[in-house]
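Take a look at the structure below.
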Amino acid sequence: MLTRTQKWDRLKANPNASVLVIGAGINGIGTFRDLAHQGVDVVLVDKADYGSGASAASSHMLHGGIRYLENGEFRLVREALTERNLMLRNAPHYSKPLLTSIPIFNLFSGLFNAPLKFLRLREKPSERGALVIKIGLIFYDWFARSYRVMPTHRMLGRSEALKTYPGLREDVKYVAQYYDAYMPNPERICVELVQEAERVSEQAIALNYVQVTGAAKDKVSLRDDLTGETLEITPKLVVNAAGPWIDFTMQAMGMETKFIGGTKGSHLILDHPELYRACNGGEFFFENKDGRIVLILPYINGRVMVGTTDIRIDDPEKAVCTPEETRYMLELVNRILPGITVGEEHIVFKFSGVRPLPTADKGYTGNVSRDHSIKVTEPDGVVAFPTLSLVGGKWTTYRAFSEQTADRVLERLGRQRKVSTTHIAIGGGRDYPTDEDEWINHLEAETHLDRDRLRTLFERYGTTAREVAGFMADGDDAPLRFHPGYTRREIEWIAATEQVIHLDDLVLRRTVMAWLGGFTRDLLTEVGGIVAGVAGWDSDRAAAEIERAAAILKDRHDVVV
Ligand SMILES: Cc1cc2nc3c(=O)[nH]c(=O)nc-3n(C[C@H](O)[C@H](O)[C@H](O)COP(=O)(O)OP(=O)(O)OC[C@H]3O[C@@H](n4cnc5c(N)ncnc54)[C@H](O)[C@@H]3O)c2cc1C
């Protein structure tokens, strides 16, 4: 694998590329990966880290979006369910089945309003009753039949539901249950896909912390935000996958567009064992008092995720979780579990991001289409290349959207598709064992590492755990002083192999260390010291990295270290 400097130098020496992909969120990365598999010379740049924009702010769900049925988005739901099922097969280490329960307050509500909404004769959703939800779930099961891996839905009466969820509010009359899936750490999928692309093709180059700053004629200007160096590259075609920044990026390249009408969504991570137990291993997905659909999701290490909001916003840089949003999310728990008290003291992490939705008239944000589209800007007097902008695009549908984008690119380049990504396993999802214990037995015999440690590695990295464990066994190692769940060599392995540029890349995205509470200045300093050793940072740079990470944690996540 080339180092970052080698990649930059290669671009300097040969600035021609068939395709430049701007933005390494999941959609830019997916397109980059697909094109790499087709042997296209492609460059991917991101002004920040891989998967750090909208892709780091999702509800972590791989889902068809049952709610989108009432907007009439059948195509999207069918595609998303197929893709959800594929993710469970291709990335079993980072996609987990999720039992989802919808508490319902009455039988008939919404029967007349749901069709009206579908016909666009009604703006806001009315309360959704059991019959409407039942009909939706019949469609959902039908659309999920391709590559089905999970059971179909069922409806529970109150007394049956109480056996699993004894704390349910007294006016909950039914509970609908079905399976979706969730991703404990989506940012790791981003890195694995980047690595895969660079591995399958020498013609694929990815650089984080490299920003598109302008364009003229056939050239696009790039700036390395680490060194301040600039260069110009000459692509035949540009894919603008800058998510909520799409119009800003077009503007930087001298083009005026208004493709995006972003809405902000925030989430909280709570350390609340009683609430975690009340979830009984499954997610609650329900209608809040204002008709918005919200969720309570049991997250990793006993934490609980609650979300989300949906507020129009123009500048994605300003997306942080406000006190009003925090209050809204704390209160939503009581809507279904009135006996559980949730307060600020339970919050261990906040995150917020902007959905790159298409522009829409003012109105109820929940009605804005969640489907994706490709907007083409043909060459004009300013630039000599066409630009394909990727508008919308759920996490769940990234592979299909990327394939559709790659097909448009291939058509324009006059090339044929060589392979489909439909069945390509992702990263640590390759050679995934059916018998986890047996797999761990082998690794134990190979490395002589502690069994519990190996199981943790398997949970964190899937079958890539073999590489991590091999590296750990190959030298002196010890648990971190301030977080014994990780070892020194595990951190070294991540820092050395996963394109970590800043310390926050490691504590926020390569791992979920900072997400789960108990994250301290001592731990940040300890991890910073290890990364400094691998990256060759001097003491000034190491200190600056610690301050940078601390500032991001405070400003964006309300975590003070
Ligand atoms: C609150 C919320 C909840 C969601 N929940 C779900 C869910 O549960 N399930 C689901 O499937 N989807 C969900 N989504 C949708 C999904 O997360 C996003 O649609 C998807 O991640 C968008 O990815 P992207 O690659 O298009 O954009 P992004 O991830 O935002 O990537 C764009 C990248 O472009 C980079 N960039 C911007 N300008 C430049 C420039 N000039 N030069 C270089 N790089 C640049 C940015 O740094 C960024 O990394 C949710 C989204 C939000 C915000």
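Both backbone and side-chain heavy atoms feed into the values below; hydrogens, waters and symmetry mates do not. Numbering of ligands and ligand atoms starts at 1, following listing order.
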State whether [X] and [Y] are salt-bridged, where the test is any N-O pair (Lys NZ or Arg NE/NH1/NH2 against Asp/Glu carboxylate O) under 4.0 Å.
{"X": "R509", "Y": "D504", "result": "yes"}
{"X": "R355", "Y": "D310", "result": "yes"}
{"X": "R370", "Y": "E79", "result": "no"}

Who's closest to atom 18 (C) of ligand 1 heavy-atom-wise, of G393, S58, S55? G393

Would you please indicate yes or no on a ring centroid separation below 6.0 angstrom for [Y] and [X]?
{"X": "F349", "Y": "H267", "value": "no"}
{"X": "F74", "Y": "F139", "value": "yes"}
{"X": "W142", "Y": "H153", "value": "no"}
{"X": "F351", "Y": "H60", "value": "yes"}

Among the heavy atoms of [X], does any lie under 4.0 Å from an atom of ligand 1?
{"X": "L390", "value": "no"}
{"X": "A252", "value": "no"}
{"X": "R370", "value": "no"}
{"X": "T309", "value": "no"}

Under 4.0 Å from a heavy atom of [X]: give me the atoms of ligand 1 that qualify, with their elements.
{"X": "H60", "value": "8 (O)"}
{"X": "A57", "value": "1 (C), 2 (C), 3 (C), 52 (C)"}
{"X": "G353", "value": "53 (C)"}
{"X": "P356", "value": "19 (O), 22 (C)"}

Provide, to 0.1 Å, the distance between [atom] and the closest protein heavy atom, together with that atom's residue and name.
{"atom": "atom 41 (N) of ligand 1", "value": "V212 O, 3.3 Å"}
{"atom": "atom 12 (N) of ligand 1", "value": "W395 N, 3.2 Å"}
{"atom": "atom 13 (C) of ligand 1", "value": "K394 NZ, 3.5 Å"}

N27-ligand 1 polar pair, N/O distance under 3.5 Å: yes

Test H93 against every option in R188, E192, E459, R460 by the side chain to side chain donor-acceptor pair (under 3.5 Å) rule and name the one that passes. E192

Mind checking the CG-OH spacing from D49 to Y209? Nearest 0.5 Å is all I need. 4.0 Å

